[in-house]
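Let me begin by presenting the structure, written as structure tokens, before commenting on it.
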Amino acid sequence: QAFDAMIHFSFEGSFLYLSTFGRQVNTSVGPFAELWKEYARADARWGFSDPTVVSLEILTVLGAGPLCCYILKQLVQRDMARHYWIVVLSTAELYGGWMTFCPEWLTGNPSLNTDNVLHFWVYLVVSSDILSSWVVIPIWLMVDSYHHIAQSLRVTQASKVKVN
């Protein structure tokens, strides 16, 4: 959760700053602008403030980032209610990834540079962590939380049956 919050606030937060109120990455300066310009070589939407991408990043930075911090607080406090919020956050991560890339796939990848090995495999697959951070880990966390929630419900149900 700490890594997730850090990514949402620092990297994606910098993108959001560079892509709102008339700004765009392609015309910005600074280290984060250079980072995003490089990534835009793989996915052009990140360079010109694509409204769908910016909209998703608003939710990510202002919603998912704080939710990560809240879950961290619950972890420290050993609050089992965190499992509900983990499911919410994981669902949001999966949905965000889907809504970022599915429109591109459906339209033949007009903004994605899939011909360049570096841009496709390193930038889009590895650095975007399409398969790990934003798909595999949320699914794993959802399954783990499901087991905790289901076990708690079974224990509660069994205790009510014994009382009756």
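The first residue of the sequence shown is numbered 1, and numbering continues consecutively from there.
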Next item on the list: Kindly say whether L16 contributes a backbone atom to a donor-acceptor pair with the side chain of S19 at under 3.5 angstrom?
Entry: no
Item checked: Nearest atoms (heavy-atom pairs only) where F48 meets Q24 -> CA-OE1, 3.0 Å
Item checked: Shortest non-hydrogen contact from L89 toward A64 -> CD1-CB, 3.7 Å
Next item on the list: Working to the nearest 0.5 Å, report the span between CG of L106 and CZ of F101.
Entry: 13.5 Å
Next item on the list: For the residue pair L94 and I139, establish whether any side-chain heavy-atom pair is separated by less than 4.5 Å.
Entry: yes
Notebook entry, point to check: Is there a chain of hydrophobic side chains (I, L, V, M, F, W, Y, each step under 4.5 Å between heavy atoms) that links W140 to L72?
Noted result: yes
Next item on the list: Using modelled atom types only, decide if a donor and an acceptor are shared between the side chain of D50 and the backbone of V53 within a distance under 3.5 Å.
Entry: yes
Checklist line | Atom pair CE/CG of M99 and L56 - distance to nearest 0.5 Å | finding: 6.5 Å
Check: What heavy-atom pair brings C69 and A5 nearest, and what distance separates the two atoms?
Finding: SG-CB, 4.1 Å
Check: When you measure from the side chain of R45 to the backbone N and O of T100, does any donor-acceptor pair fall under 3.5 Å?
Finding: yes
Next item on the list: Please check if atom OH in Y17 has more than 12 non-hydrogen atoms from other residues, nucleotides or ligands closer than 6.0 Å.
Entry: no
Next item on the list: Taking E104 for its side chain and S111 for its backbone only, find out whether a donor-acceptor pair lies under 3.5 Å.
Entry: yes
Notebook entry, point to check: Hey, is the main chain of G47 close enough, under 3.5 Å, to the side chain of N26 for a donor-acceptor pair?
Noted result: yes
Checklist line | Point-to-point distance, once rounded to the nearest 0.5 Å, from CD of Q157 to CZ of R154 | finding: 9.0 Å
Next item on the list: Would you mind reporting whether F3 and H8 have side-chain heavy atoms less than 4.5 Å apart?
Entry: no
Next item on the list: Look up atom CH2 in W85 and atom CG in D79, then write down how far apart they are to the nearest 0.5 Å.
Entry: 11.5 Å
Item checked: Donor-acceptor under 3.5 Å (R41 side chain, E38 main chain) -> no
Notebook entry, point to check: Between Y39, F32, W36, which is the residue that forms a ring-ring contact (aromatic ring centres under 6.0 Å, His included) with F15?
Noted result: W36
Notebook entry, point to check: Mind checking whether H148 and H83 have parallel, tilted or perpendicular rings, split at 30° and 60°?
Noted result: parallel
Notebook entry, point to check: Under a 4.5 Å side-chain heavy-atom rule over Ile, Leu, Val, Met, Phe, Trp and Tyr, are Y84 and I86 clustered together?
Noted result: yes
Notebook entry, point to check: Would S49 and V25 satisfy side chain to side chain contact (heavy atoms under 4.5 Å, CB included), going step by step from the backbone distance to the final call?
Noted result: CA-CA 7 Å; S49 304; V25 167; 6.0 Å; no
Note to self: Would you compute the distance between atom CD of E12 and atom CG of D4 and round it to the nearest 0.5 angstrom?
What the structure shows: 8.0 Å
Next item on the list: Using the rule that two of Ile, Leu, Val, Met, Phe, Trp, Tyr join whenever any of their side-chain heavy atoms come within less than 4.5 Å, decide whether V88 and M80 are in one cluster.
Entry: no
Notebook entry, point to check: Under the 3.5 angstrom rule, does the side chain of K37 hit a backbone N or O of T27 as a donor-acceptor pair?
Noted result: no
Notebook entry, point to check: Relative to each other, are the rings of W98 and W105 parallel, tilted or perpendicular (30° and 60° limits)?
Noted result: perpendicular
Note to self: Once ring-ring contact (aromatic ring centres under 6.0 Å, His included) is applied, do any residues pair with H147, and if so which ones, sequence neighbours excluded?
What the structure shows: none
Checklist line | Side chain proximity check, T91 to M142, heavy atoms < 4.5 angstrom | finding: yes
Notebook entry, point to check: Roughly how far, to the nearest 0.5 Å, is CG of D144 from CD1 of I137?
Noted result: 12.5 Å
Next item on the list: Find out if a path of hydrophobic residues (ILVMFWY) with successive side-chain heavy-atom gaps under 4.5 Å connects L59 to V87.
Entry: no
Check: According to a 4.5 Å side-chain heavy-atom criterion applied to Ile, Leu, Val, Met, Phe, Trp and Tyr, with indirect links allowed, do L18 and F11 form part of one hydrophobic cluster?
Finding: yes
